[in-house]
Amino acid sequence: MLDLKFIRENPEIVKQGLLNKNEKVTIDELLALDLERRNKLQTVEELKAKRNKVSQEVAQLKKTGQNADHIIAEMKTVSDEIKNLDDSVRIVEEKMNELLAWTCNLPHDSVPVGKSAAENVEYRNWLPEGFTFENKFDQIDHVELGKKHNILDFERGAKISGSGFPVYVGKGATLERALINFMLDFHINKHNYKEIMPPFLVNRESMKGTGQIPKMEEDMYHCEKDDLFPIPTAEVPITNLHRGEILNDEELPINYVGYSACFRREAGSYGKDSKGFLRVHQFNKVEMVKFVKPETSYAELENLVTDAEDILKALNVPYRILTLCTGDLSFSAAKCYDIETWSPAENKWLEASSCSNFEAFQARRANIRYRKSEDKKVEFIHTLNGSGLATSRLMVSILENNQTEDGRIIVPEVLRKYTGFDIIG
RNA sequence: GGAGAGUUGGCAGAGUGGUUGAAUGCGGCGGUCUUGAAAACCGUUGACGGUGCAAGCUGUCCCGGGGUUCGAAUCCCUGACUCUCCGCCA
């Protein structure tokens, strides 16, 4: 959620920011409602002040045994008036909240302006020693590799659940589990994150808090009976851990890392990049979440990216980092870096991580604040999160880049103590 | 799933429908005393909104949402959560 006061004082800046994010601009409507609300509020508050005062007089009169009937009769009309005005204020507020809930975050000044993903800007890249982009010996894709070694079974996944629900088999399952454990341990021990194992279903409030709802509701799975949502990312439960809380500033920054399965309907994207792991409804992800003081959030964003990168370096996977342009930024993000890993069989980069600074946008929605030790004032914190990383796309790169000429797959060195084997096939 | 009890400030814990935004204790902050600290004593200590240059004035909030009333932390309805007991269960 944006700060209403900021919108009031800087309507043009807000409008331009929304335009740059390709979003609908409803700022004028919002400001009209804001004005209406404040006008009505003033009237109703005067009446309430009067009611409070007279109520005390009634109490005094009754205490001294005097008659108060005439004042009570008079106050009855005042009360009715208050009730009517309160109702109309509430209606205005509901309209405003609806508009605000649909209004996305503004891009940070450092974000390149652009219409679509085509205008994202490469930030940096890293390639393993001796790596080349050419396909040396007709490297086959992860789906074929999975079939060949019987480690991935997309067909049976489709049978038991539907397309986009992969099954990991044998060494494939072990490798997946090894990858998750390796990433968790790495962030816990080398990067000082605290591990969280969150619920995989969350309530509506939590989905609103991080900004998946209302705009992305169609992309979420939903258990209607209980109004619970299977999480699209661990960001949702972990960020909402501190919803409605006032944190102490000595405990900041808070760094959490957690594994979760992630569930996405991917509505409307059928047929697009849908092969194998490229687009799935359920995948595994290790997610990092930070709660930080506002003044440090951009430095923390850089840390977050580096923490995700360290995993890829340890796994020896080629990657590049993009700064997303304004048009490609997600609803809640002010700035975002995507990390993409290389797939030799697809001959393209695949998004494996997204590291974002939400500034106070989620904090305002979820009401997460901290008390500053200097002046004891409360202020919204900034939240960040980044995949560290999603295993599905990463697995594509690991399998394809580590295949040998005779079709076997070498397990990355750092995973071997988790897998117990060093080669598949 | 059934039956009962509960939810009040950072925490603990009072609260006959009428100066209760809320006693009291602990904690926090400031001070007196002290060479310093502890103890003791005194004072202070919520959030959000409106208005104002400001001091201030003012409204709302006692789990959430409705209602009764001139007036609700207090009464009624409803939902969530917690605890105890029973049933079922990995």
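Every chain is numbered from 1, with letters handed out A, B, ... down the list of sequences.
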**Q** For Arg369(A) and for Asp87(A), locate the closest nucleotide of RNA chain B by heavy-atom distance; then report the residue assigned to the nucleotide nearer the 5' terminus.
**A** Arg369(A)
**Q** Under 4.0 Å between a side-chain N/O of Arg371(A) and OP1 or OP2 of U45(B), yes or no?
**A** no
**Q** Please measure how far the P atom in G71(B) lies from the corresponding atom in A14(B), and state the result in whole Å.
**A** 30 Å
**Q** Under 30°, 30 to 60°, or over 60°: which ring-plane class applies to His187(A) and His191(A), parallel, tilted or perpendicular?
**A** tilted
**Q** Using a strict 4.0 Å threshold on nitrogen-to-oxygen distance, state whether Arg371(A) and Glu251(A) make a salt bridge.
**A** no
**Q** For Asp80(A) and G71(B), give me the distance from atom CG to atom C1', rounded to whole Å.
**A** 14 Å
**Q** What does Arg364(A) touch in the nucleic acid at a heavy-atom separation under 4.0 angstrom: a base, only the sugar-phosphate, or nothing?
**A** nothing
**Q** Taking NZ, NE, NH1 and NH2 as the nitrogens, is one of them in Arg264(A) or Asp219(A) under 4.0 Å from a carboxylate oxygen of the other?
**A** no
**Q** Tell me the interatomic distance from Lys76(A), atom NZ, to C70(B), atom C1', rounded to whole angstroms.
**A** 8 Å
**Q** If you find the nucleotide of RNA chain B closest to Ala73(A) and the one closest to Lys5(A), which residue's nucleotide is nearer the 5' end?
**A** Lys5(A)
**Q** Suppose you measure atom C1' in G46(B) against the same atom in G27(B); what distance do you get, rounded to whole Å?
**A** 15 Å
**Q** If the C1' atom of G31(B) is compared with that of G13(B), how far apart are they to the nearest Å?
**A** 28 Å
**Q** Determine the interatomic distance between C1' on G1(B) and the same-named atom on C88(B); round to the nearest Å.
**A** 8 Å
**Q** Any ion pair linking Arg243(A) and Glu205(A) (charged N to carboxylate O, less than 4.0 Å)?
**A** no
**Q** For U24(B) and G36(B), measure between their P atoms and round to the nearest Å.
**A** 32 Å
**Q** The side chain of Lys83(A) is closest to which nucleotide in this list: U68(B), C70(B), U51(B)?
**A** U68(B)
**Q** Indicate, with yes or no, if the rings of Phe291(A) and Phe380(A) have centres closer together than 6.0 Å.
**A** no
**Q** When you measure from the side-chain N and O atoms of Ser79(A) to the phosphate of G71(B), is any distance below 4.0 Å, counting only OP1 and OP2?
**A** yes
**Q** Whether Asp141(A) and Lys275(A) form a salt bridge (side-chain N of Lys/Arg under 4.0 Å from carboxylate O of Asp/Glu) is what I want to check.
**A** yes
**Q** What's the CG-C1' distance between Asn248(A) and C11(B), to the nearest Å?
**A** 14 Å
**Q** Is the closest basic N to carboxylate O distance between Glu218(A) and Arg265(A) below 4.0 Å?
**A** yes
**Q** Would you call Lys15(A) and Glu12(A) a salt bridge, using N to O less than 4.0 angstrom?
**A** yes
**Q** If I take atom CD in residue Glu379(A) and atom C1' in nucleotide A47(B), what distance separates them, rounded to the nearest angstrom?
**A** 15 Å
**Q** For a quick check, with a 4.0 angstrom heavy-atom cut-off, what is the B/S/- contact string for nucleotides 17-23 of chain B, read 5' to 3'?
**A** -B-----
**Q** Rounded to whole angstrom units, what separation is found between the CD atom of Gln42(A) and the C1' atom of G52(B)?
**A** 11 Å
**Q** Distance alone, cut at 3.5 Å: any donor-acceptor contact between the side chains of Lys290(A) and Thr383(A)?
**A** no
**Q** Distance between the C1' atoms of C48(B) and C83(B), in whole angstroms?
**A** 32 Å
**Q** Ignoring the backbone of Leu41(A), work out which of U51(B), A47(B), G49(B) is nearest its side chain.
**A** G49(B)
**Q** Run the ring-centre check on His382(A) versus Phe361(A) and record whether the distance is less than 6.0 Å.
**A** no
**Q** Got a salt bridge between Lys293(A) and Glu295(A), using NZ or NE/NH1/NH2 to carboxylate O under 4.0 Å?
**A** no
**Q** Would you kindly give the CD1-to-C1' distance between Ile246(A) and G46(B), to the nearest whole Å?
**A** 8 Å
**Q** Send over the distance from Asp86(A) CG to U69(B) P, rounded to a whole Å.
**A** 16 Å
**Q** Whole angstroms only, please: what is the CG-C1' distance between Asp3(A) and C48(B)?
**A** 13 Å
**Q** Expressed in whole Å, how much space separates the P atoms belonging to C63(B) and G9(B)?
**A** 8 Å
**Q** Using a strict threshold of under 4.0 Å (side-chain N to carboxylate O), is an ion pair present between Lys83(A) and Asp86(A)?
**A** no
**Q** Write down the distance separating the P atoms in A73(B) and G64(B), rounded off to the nearest Å.
**A** 12 Å
**Q** Which parts of nucleotides 55-65 of chain B does protein reach within less than 4.0 Å, heavy atoms only, written one letter per nucleotide 5' to 3' as B for base, S for sugar-phosphate only and - for none?
**A** ---SSS-----
**Q** Requiring both pairing distances under 3.5 angstrom, list the stems that contain RNA chain B and are made of three or more consecutive Watson-Crick or G-U pairs.
**A** B:1-7 with B:80-86, B:10-12 with B:24-26, B:27-32 with B:40-45, B:46-51 with B:56-61, B:63-67 with B:75-79
**Q** Any chance the rings of Phe229(A) and Tyr221(A) have centres within less than 6.0 Å?
**A** no
**Q** Output yes when at least one side-chain N/O atom of Arg8(A) is less than 4.0 Å from OP1 or OP2 of G49(B), else no.
**A** no
